[in-house]
Each structure stands twice: as C-alpha cells, then as structure tokens.
Amino acid sequence: MASNLRTNNFLRHVESMKLLPSGAGHISHLNAVILGESLATEEDDFVLPSEDFASQANVQSPEQYLKMYNRSIEDPAGFWSEIASEFYWKQRWGDKVCDENFDVRKGNIKIEWFKGGITNICYNCLDRNVEAGLGDKVAIYWEGNEPGLDGTLTYTELLQQVCQLANYLKDIGVKKGDAVIIYLPMLMELPIAMLACARIGAVHSVVFAGFSAEALSQRIIDCKPKVVITCNAVKRGPKPIYLKDIVDAAINDSAQNGVSIDKCLVYENPLAMKRVDTKWKEGRDIWWQDVIPQYPTTCPLEWVDAEDPLFLLYTSGSTGKPKGVLHTTGGYMVYTATTFKYAFDYKPSDIYWCTADCGWITGHSYVTYGPMLNGASVIVYEGAPNYPDAGRCWDIVDKYKVTIFYTAPTLVRSLMRDGDAFVTRYSRKSLRVLGSVGEPINPSAWRWFYNVVGDSRCPISDTWWQTETGGFMITPLPGAWPQKPGSATFPFFGVQPVILDEKGVEIEGECNGYLCVKKSWPGAFRTLYGDHERYETTYFKPFAGYYFSGDGCSRDKDGYHWLIGRVDDVINVSGHRIGTAEVESALVSHPQCAEAAVVGVEHEVKGQGIYAFVTVVDGVPYSEELRKDLVLIVRKQIGAFAAPDKIHWAPGLPKTRSGKIMRRILRKIASRQLDELGDTSTLADPNVVNQLIELADS
Ligand code: ATP
Ligand code: MG
C-alpha cells in the first residue's frame, strides 16, 4: 500500500514535467517498481528512487529539478556564474558570462564562456582541494592489471608529482599553447601528465594507447607536439604490448611527413618490459624515472584565460575519420564538475570508478577533471575488465568499496553473457549509483545491470553525450527521476535538446527525429582543430540555428528521451523509420542472443530491408530454429514491418577501440561491397571482419 502511494506521488511529479519545454505530459502507465523493493521486469515502465535514496540526494524530486532546470534556461548567466564562483579565478570574467553565435546565417559560429576570466584547471583540481584540507584524501586508487598490484596517491602526493612533471616540461621548452601528445596506458602517470600540461597551459592530446603507429602518426602530424609522453610497454590481460616500438614507428613516419619530434619521455613499466630490452634513441628518448623525481615538487601556475585551449581530442571514429575536437578551459571546468556532481549524486564519501580509458572523452571529463574538481577518490584501473576472469570488476568494487560505477553497454552485455555467477560471488554492497555511456543501453541489459549488478538498489545514470559536448547532455539525476529502462530521460541543466524533422522544424510531444541542441552550454567544444569550416559544416549547417548531434532520438508520451542510434543508420522500411537501437534491443532480449547489430540493405519492394548481425551466447549452436525465434521476437516487440530479412551469425562484431559497434562496415558487408570497407584503422580487432565475410552465406 505504502509503495502504491509513493508510486502515485512520483507519477504525479512526472506529470508536472509538462512544464518542460519539450512538452512532456500524461502518465498513462502505472507499472512501476521502487528502488530496492523488487526486480525490474519487462512490464515496468518506471523504476522509482526509494525514499531513502531520494532524501539524501543532491536533487531530491522532479520539482526540485524543474526549478533548477527552468532557472538554468531563463537565466543561464546567473545560474552558471553562481556555480563558477565556487572555483578559484585569479581574475573574474568580464561582463558577459556567455557570448555566442549559434547561427551560421549570422556569421561564423562562436562560443565563449567566462571570457576574460583567468584561472587554471589544475589549480582547481589539486591545489584548491589541498588548501581546503583534502591533502590526505586519496585522489587515485590505482589497480594494476595483475590482481594484488596496486598503489595510491593522496591529493598532496598527486599535486607534488604533477608539479615535478610540469617543471620538467617547462625545462625542455614546453610553453603555454604548445601541444603535448600523451600515449600512455591507464597508469597514474596518465592523469598526472594531463594535469601537468594543464598546469603550464600546454594543450594535451591523449591518444588511446591501443591505437596503431599509423593512427598515432596521423595525430602527431595534425597537432605537431613539442614532446610525446609514453611508456615502454604495458600488459593488457596476459599479453604485453610494446608501446615504445609503436611510438618509434609513428615518430619515424611523422618525420617523413615533415613533423619531427625532439623529445620522447618514456615511463619505465618494469612488469611489462625490462629497460635493457627497450629500443632507444639517445638524445631524443628520456626515461621518466631518471629525470622527473629530480625536479621540485612545487611549480608556479600558468594562469590562462577561460577561453584558452585545454585539450585536443579525436572522436572515436565510429562514423569515419576521427575529428580533432578542441575544448577550452573555463566552461569545460564548470560543466564537467557540475555534471559529475549531479548525474552521479556525488558525495565526498564516495569511491568512484569509471572504467573508461583516459584516451576517450569519458576518461577526460569523468576520470580526471570532473571527479577531481569535486575532490573525489577515483579508481584508475590498468587492465582488462575480464582479466583474469569475468568477475574482476566486482572484485575491484569490493576491494575499494566502490560506491559509483560507470561503464559502457558493451561491457554490460559481455558480462551478462558470462553469467550471473561471476557477479553474485561478490558482495557489491558498497554500490549505490551505476552509470552507462557510449551507446544506447538495451532495456534487457539495463535490467540485468540494475537487477543483478546493483541488486535492484542502485539507480542507473544513462548519460547521453559526445566528445564534442564535453559533458553530459541528457541524463537521469538519481534520486530526482523515476527511470525507464533504456531511456536517458531528461536534459541536464542549461541544455535545450530539440527534436527536428527533416525540414528542420522542431517537433513537440511524442515524436522521433534529429537530435539537436538550441543554444550553447559551457562544456561545448569551440572548434575542430585547424578546421573551423568543417566544424561549421558538420555540426551547424545541417540545421541552421542548432547544434546537430548526428544522433536520432525519440521522445515518448511522458517526455522521456530515447536515443535510437545515428541518423545515418536509421532504416526506412516501406516508409517506416526504424532506429537500429530498437531492433537490436528486441534481439538481445532473447536469452540466447548476446549482442546484435542491425543495418539497412537495399530491398526491391520495401526500399530498405533489415539485416541483423547476431552474436549468440557462448555454447549455443547456430540453428534454423533460433533464427526463426529471433525474427519472431522482433515481430512481437516492434511489429512485422521491423522483422529482420536476414540474420547473419557473427562470432564477433567490428568495434572501435572504445567498444562501439561500427555499423558503417557492417553495411558494406551486408551489401557485399567488400572492396569498399573504408577506413578500418580505428577497429579494435580487424580479424572480425574476415570472420564475418566467411560466414556471410551460412
Ligand atoms: P565519431 O564521431 O568519430 O564517429 P563517436 O561519435 O563514436 O565517433 P564519441 O564522441 O566517443 O565518438 O561518441 C559519441 C556518440 O556515442 C554519440 O553521438 C552517441 O551516438 C553515442 N552515445 C554516447 N552515449 C550514449 C548514450 N547514453 N545513449 C545512446 N548513445 C550514446
Ligand atoms: Mg560522433
């Protein structure tokens, strides 16, 4: 009874969401579970925060959210400058908090936040926290690839190490505005290097240490760094990877293209490779351990303008050649700190673990800057999430008493396939908030994450955002929101998402179309490095007056947002527009389907047909019966029009190194245009493609 009352109360709140500019309204379903009370099932539309959770949350109700959200839209300058004032500014920004031109018809796109404000993000992450008494708090818990190997750094120790590296970089001539490439695995030295660059105003460009020499060299040629920071080798799972050899090859290649590198700082990682075995170029290569500890542990700051560049980062390359996204200092700082605090309901006692690598935007905003700006204790894990077995994540959760766990749907699906026993043999009692990013999370994976990993106790923040957006754009606020499995819910403060139709007209109410954003937000990227024209063409010209995300989105009758995949991937079957995510979610809800990727292929009658690549759960044989079952489950859940025309068995799917499915390549395989596979350099495992081609007609 009590829970019914509570359900109704909450749903009334959701009803009040009508106030949202997106025109949400009308709750017609009353199927709901309350956090911690029972399992979420297919029938539940809502998962409600428990009273206990909501009463301790940073935002406790939809009304409180609405009040803050409306203020952030009506008075963005007031809203954001109040938050910005919590940070240290050597000099306050000028009279304009935000100065933007968001409309290509009125001239070049320009976004500026807190212009004239002088600050330093490293100061705000480290010195400020130490001065506030957090010096002895652990900033980083480092967990090595091999169980048992670990280390910690307090905020004071982290500051000292950052200063030593910063002094060295200054010594070799790195100045404000110079680029530095960081090609390191998840050692503590990776965030240390990022923060050291920020301290002296250098622009870091982290390149994921799984990229090939060719990909690294392209990035070196593009940003012409003063120095490359790397390590000799790393073990990922049982296998050593010789990073220094890759760097050598990349530097050689870039030299042939006119960009020479004079200094390469190499961290010695003795567990993966001995110093004597490392190939060396005297004069250019320097061992980190030989020089850095000799430098002073304090280093004066380079104060920078809020609009000075902080970093350059290439997108994951799911849709083609990566884009060099440039972020500046002030707005990014304020935005990552705020999104982190609210979307994860952060409290000073939390132990936070994000499984992303610092080579991706998630590792920038939500391993390094966002958490450290909040003075959080962060886990940095070097290894693979399934090494030595599929229980490793929960082993780490128990070891450090992790309270907030943030990961990607690809990992959730893979752990789900490995079975519940790997999860349930660990306690996981410390967990209180879960998070997901990178792709739409299928409702069945959401429920598994919620029911099994979180013991039905932990809200899930399904955060939609992009390298370009710097921070979360559409995300649940745990405690405030009733959740719907698979929906990213509502916009973050200051964000005005709109759904446009083909003609660029905003659609109200229940709808489906192009996800765009009206007006800038502090964390927005300012340009594509060296190519402002491509920036405008890609993001601002498709729909003049809006930022175009490239993603498709639908809004349901209650105003909840559902990401349905890239708009280029939307399939048009006999006039029905079908998002890839919908069909994939239906397929993976079959207990024998581990993963699915859907693309459109030409079809004589229907215009486009649906072609589904399906990975089955380990040990399940391919059979005609399963094929029929899979088609049936889509017919049942979505409708006959969405039934796949072809099921293609896939032992693995082509993914980017950040774990996203590359549908671009699957489209070529589906249409048998095998000589047009395009750029495959960002693929994690190119062999997958050959396997798929072999299985094409089986
Ligand atoms: P590229 O732009 O080079 O093709 P990418 O878009 O994969 O690569 P990222 O910036 O890492 O590079 O990823 C952002 C994209 O990831 C979003 O545009 C969206 O398609 C997807 N995404 C991220 N989070 C979510 C989420 N919570 N739900 C649905 N999709 C998401
Ligand atoms: Mg993208």
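Scope of the values below: all heavy atoms of this structure, side chains included, with no hydrogens, waters or symmetry mates. When a ligand or atom number is given, it counts from 1 through the structure's own listing order.
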Response to the item:
Ranked by distance from atom 29 (C) of ligand 1, the top protein heavy atom is Pro440 N, 3.1 Å
Worksheet item: Are Tyr514 and Tyr546 near enough that their ring centres are under 6.0 Å apart?
Response: no
Worksheet item: Do any nitrogen or oxygen atoms of Gly438 lie less than 3.5 angstrom from nitrogen or oxygen atoms of ligand 1?
Response: yes
Worksheet item: Relative to ligand 1, is Trp360 under 4.0 angstrom through side chain, backbone, both or neither, heavy atoms considered?
Response: neither
Worksheet entry | Side-chain heavy atoms of Thr467 within contact of Tyr314, under 4.5 Å | no
Worksheet item: What do you reckon, does Ile361 put a non-hydrogen atom under 4.0 Å from ligand 1?
Response: no
Worksheet item: Salt bridge between Lys484 and Asp558, side-chain N to carboxylate O under 4.0 Å?
Response: yes
Item to complete: Pull out every atom of ligand 1 sitting under 4.0 Å from any heavy atom of Gly317, numbered as shown with elements.
Response: 1 (P), 3 (O), 4 (O), 8 (O)
Worksheet item: Taking non-hydrogen atoms only, is Thr463 closer than 4.0 angstrom to ligand 1 via side chain, backbone, both or neither?
Response: backbone
Worksheet item: Just which atoms of ligand 1 are under 4.0 Å from any heavy atom in Leu563?
Response: 29 (C)
Worksheet entry | Glu584/Arg413 salt bridge by N-O under 4.0 Å criterion | no
Fill in: Test ring pair (Phe, Tyr, Trp, His ring centres under 6.0 Å) applied to Tyr547 and Trp521, Phe102, Tyr535, the passing residue
Trp521
Worksheet item: Which ligand 1 atoms, with their elements, are less than 4.0 angstrom from a heavy-atom of Val437?
Response: 24 (N)
Worksheet item: Of Arg566, His561, Glu439, which has the heavy atom at the shortest distance from atom 6 (O) of ligand 1?
Response: Arg566
Worksheet item: Are Tyr342 and Phe493 close enough that their ring centers fall under 6.0 Å?
Response: yes
Worksheet item: In Å and rounded to the nearest 0.5 Å, what is the OG to CG distance from Ser217 to Asn257?
Response: 6.0 Å
Fill in: Where ligand 1 meets Ser318 - atom numbers and elements under 4.0 angstrom, heavy-atom basis
1 (P), 3 (O), 4 (O), 5 (P), 7 (O), 8 (O)
Discussion item. Within this structure, what is the OG1-NE2 distance for the pair Thr336 and His327, rounded to the nearest 0.5 Å?
Written reply: 10.0 Å
Discussion item. Checking a contact table here: which protein heavy atom is nearest atom 17 (C) of ligand 1, and how many Å away?
Written reply: Asp551 OD2, 3.2 Å
Worksheet item: What's the shortest distance from atom 11 (O) of ligand 1 to any protein heavy atom, and which residue and atom give it?
Response: Ser316 OG, 2.6 Å
Item to complete: Distance to 0.1 Å, residue and atom name: give those for the protein heavy atom nearest to atom 4 (O) of ligand 1.
Response: Thr319 OG1, 2.4 Å
Worksheet item: Counting N and O atoms only, with roles assigned by atom type, does the side chain of His561 sit under 3.5 Å from a partner on the main chain of Thr489, one being a donor and the other an acceptor?
Response: yes
Discussion item. Among Lys660, Met662, Arg664, which one puts a heavy atom closest to atom 15 (C) of ligand 1?
Written reply: Lys660
Discussion item. With heavy-atom distances below 4.5 Å as the criterion, would you say the side chains of Ile474 and Pro497 are in contact?
Written reply: yes
Worksheet, complete the sentence: Thr467 heavy atoms within 4.0 Å reach ligand 1 at atoms 9 (P), 10 (O), 11 (O)
Worksheet entry | Atoms of ligand 1 close to Lys323 [distance to a heavy atom under 4.0 angstrom, numbered from 1] | 1 (P), 2 (O), 3 (O)
